[in-house]
Colleague: 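Just dropping this structure here.
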Amino acid sequence: MRIHVATLGCRLNQSESDRIARQFAAVGHEIVSDPATADLQIVNTCAVTHKATRESRQVARAGRRAAPGALTVVTGCASQIEPEYFAAGDGATLVTGHADKERLLPLLIERGVLPRPDPTANEAFPLPHTRTRAFVKIQDGCGNRCAYCVSRLARGEERSRPIATIVREAAQLEGEGFQEIVLTGLHAASYGRDFGADLTALVRALLAHTRIPRIRLSSLEPWGAPDDLLELWSDGRLCAHLHLPLQSGSDATLRRMRRGYNTRQFATRVESARQRVPGIAISTDVIVGFPGESDAEFADSLAFVRAMAFAQAHVFPFSPRAGTEASHMHGQIDPKAKQARSAAMIEATDADRARYRQALAGSTLSVLWEGRERDGDWSGLTGNYVRVYAESDADLNNQITAAHIGGIHGDGMIATVEAAERAGKMRTL
């Protein structure tokens, strides 16, 4: 059977979709990239905002229009929180949440949707190797109680995967040719807290027992990460990039959000990272228009974000999610005010992003090339998560090379691929 897996939302969702695809491929099913060619589409949904939930349903419907005879399975955060939203009149074969996401294959076999695999056939189907970076789930769930977060409601309490299991998965991905792994989790900074380990121990084990060229940490909450984690960046295989979700630059707003830190503590964490890892890119998330956010609080948030000079920021207008404390807080902000504040915050963070990139001009950085653009240029990512574009007649796909960084170009920067002998002289950002 031909299987199409559609993923919405975060890198954690992507890592889970990858594992689902591997499970189906291992028993002989073909994973396809075009839903129109699929016999079964699996939609891994996102619920972080109303828009994400709506888009999840749109993707499921679009897949059914592309392949009217195909079966549809809907899973993930949105279907966990609002199963009836996907079940009502949409013709899905199965709507399920996180509890069954890890066992979709046996569940579909039990229900007679898929045939039982022949244990003697050994018909493993190769996965299409279309990406250069692999997302590795290290933990799930969260024990915090942020007032706005629906993901915790969908995913439950914290639970970490064993270090040995993660190392084995990373080694397998290394063997398949991936050049970078991205460690993901709902609250990755708390990794191992449920069984006496921590994130530092996990990263040390990956550095010691694998040779994969790049290891990147995904989003880390500003609290919870071990103090000695930054020491590991002495190994150039760790990408010089940290995503630390701020959410607000106003202490009063942070308290209502139940974030567990203030702006002074956040700034100290950022300064420590910048001192220990020169040139590190610090990216963030910011919510505007949280309930009760006054004009003065927004001004404080905007000023703090400007002072942090983030390399990149994702700005979100607050979206109330049913079941969260923030959904019924007093002081809900008018949509037009949220839109205006979002525009002002984006303008500020875009300016800081441009300044960070411009400061890289003239340097030579390590780039993992991911493929060609429509205009024929190669596109890749530096270790500090800057998109670069370069002309080259060579086949750079899934290669790491040195590149001389030029000026800003669209969403990234122009680069020139350096000769191989220069690779030892490049900055490993």
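What you see is a predicted model; the values in this text were computed from it and never measured.
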Colleague: Got a sec, which residues hit side chain to side chain contact (heavy atoms under 4.5 Å, CB included) with Thr184, two or more places apart in sequence or on another chain?
Modeller: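 For Thr184 the side chain to side chain contact (heavy atoms under 4.5 Å, CB included) partners, ignoring immediate neighbours, are Arg11, Leu12, Ser15, Phe135, Lys137, Val182, Ser218.
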Colleague: May I ask you to decide whether Arg103 forms a salt bridge with Asp100, counting only side-chain N to carboxylate O separations under 4.0 Å?
Modeller: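 Salt bridge present between Arg103 and Asp100.
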Colleague: For Pro222 versus Pro245, what's the shortest heavy-atom pair and its separation?
Modeller: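 Nearest pair, atom of Pro222 first, then Pro245: CG-O, 3.3 Å.
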Colleague: Got a sec, which residues hit salt bridge (charged side-chain N to carboxylate O under 4.0 Å, His left out) with Arg276, two or more places apart in sequence or on another chain?
Modeller: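 Salt bridge (charged side-chain N to carboxylate O under 4.0 Å, His left out) check on Arg276 returns nothing, list empty.
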Colleague: Taking the side chain as everything from C-beta on, heavy atoms only, tell me whether Val48 gets closer than 4.5 Å to Phe316.
Modeller: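 Not touching, per the 4.5 Å side-chain cut-off.
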Colleague: Between the side chains of Arg387 and Glu373, is the shortest nitrogen-to-carboxylate-oxygen separation below 4.0 Å, so that they form an ion pair?
Modeller: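 Between Arg387 and Glu373 there is no salt bridge, as every charged N stays at least 4.0 Å from the carboxylate O atoms.
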Colleague: What residues, two or more places apart in sequence or in another chain, satisfy ring pair (Phe, Tyr, Trp, His ring centres under 6.0 Å) together with His409?
Modeller: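 Listed in chain order: Tyr389.
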Colleague: Residues in ring pair (Phe, Tyr, Trp, His ring centres under 6.0 Å) with His241, at least two apart?
Modeller: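 For His241, the residues satisfying ring pair (Phe, Tyr, Trp, His ring centres under 6.0 Å) (neighbours in sequence not counted) are Tyr385.
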Colleague: Checking side-chain contact (heavy atoms from CB on, under 4.5 Å) against His404, which of Thr364, Val388, Leu365 comes through?
Modeller: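 Answer after filtering Thr364, Val388, Leu365: Thr364.
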Colleague: May I ask you to test the Leu108-Met1 pair for a side-chain heavy-atom distance under 4.5 Å?
Modeller: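 Leu108 vs Met1: side chains apart.
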Colleague: With distance as the sole criterion, is a donor-acceptor pair present between the side chains of Thr49 and Ser319 under 3.5 Å?
Modeller: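 Side chains of Thr49 and Ser319: no pair found under 3.5 Å.
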Colleague: Assess whether a salt bridge exists between Glu293 and Lys338, defined as any Lys/Arg side-chain N lying under 4.0 Å from an Asp/Glu carboxylate O.
Modeller: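 Salt bridge: no.
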Colleague: Give me the atom names and distance for the closest heavy-atom approach of Arg155 to Cys77.
Modeller: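 Closest approach of Arg155 to Cys77, heavy atoms only: NE-SG, 3.6 Å.
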Colleague: Applying side-chain hydrogen bond (donor to acceptor under 3.5 Å, both in side chains), name anything that partners Asp228, two or more places apart in sequence or on another chain.
Modeller: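 Asp228 satisfies side-chain hydrogen bond (donor to acceptor under 3.5 Å, both in side chains) with Thr200 once adjacent residues are dropped.
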Colleague: Of the options Lys101, Arg152, Arg159, Arg161, which is the one that meets Asp140 in a salt bridge (charged side-chain N to carboxylate O under 4.0 Å, His left out)?
Modeller: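 Between Asp140 and the candidates, salt bridge (charged side-chain N to carboxylate O under 4.0 Å, His left out) is satisfied uniquely by Arg159.
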Colleague: Suppose we screen for salt bridge (charged side-chain N to carboxylate O under 4.0 Å, His left out). Which residues come up paired with Arg145, at least two apart in sequence or across chains?
Modeller: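 In terms of salt bridge (charged side-chain N to carboxylate O under 4.0 Å, His left out), with neighbours along the sequence ignored, Arg145 is linked to Glu157.
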Colleague: Would you sort out whether Glu297 and Arg256 count as a salt bridge (charged side-chain N to carboxylate O under 4.0 Å, His left out), showing the intermediate values?
Modeller: CA-CA 12 Å; Glu297 288 179 10; Arg256 288 198 305 280; 2.7 Å; yes
Colleague: Scan side-chain atoms only and decide if Ser160 and Asp194 contain a donor-acceptor pair under the 3.5 Å cut-off.
Modeller: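 Short answer, yes.
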Colleague: So, Asn44 versus Thr7: side-chain donor-acceptor pair below 3.5 Å or not?
Modeller: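 Side-chain D/A pair, Asn44 to Thr7: absent.
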Colleague: Please determine if Asp295 and Arg341 form a salt bridge, counting it only when a charged side-chain N lies under 4.0 Å from a carboxylate O.
Modeller: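 Salt bridge between Asp295 and Arg341, a charged N being under 4.0 Å from a carboxylate O: yes.
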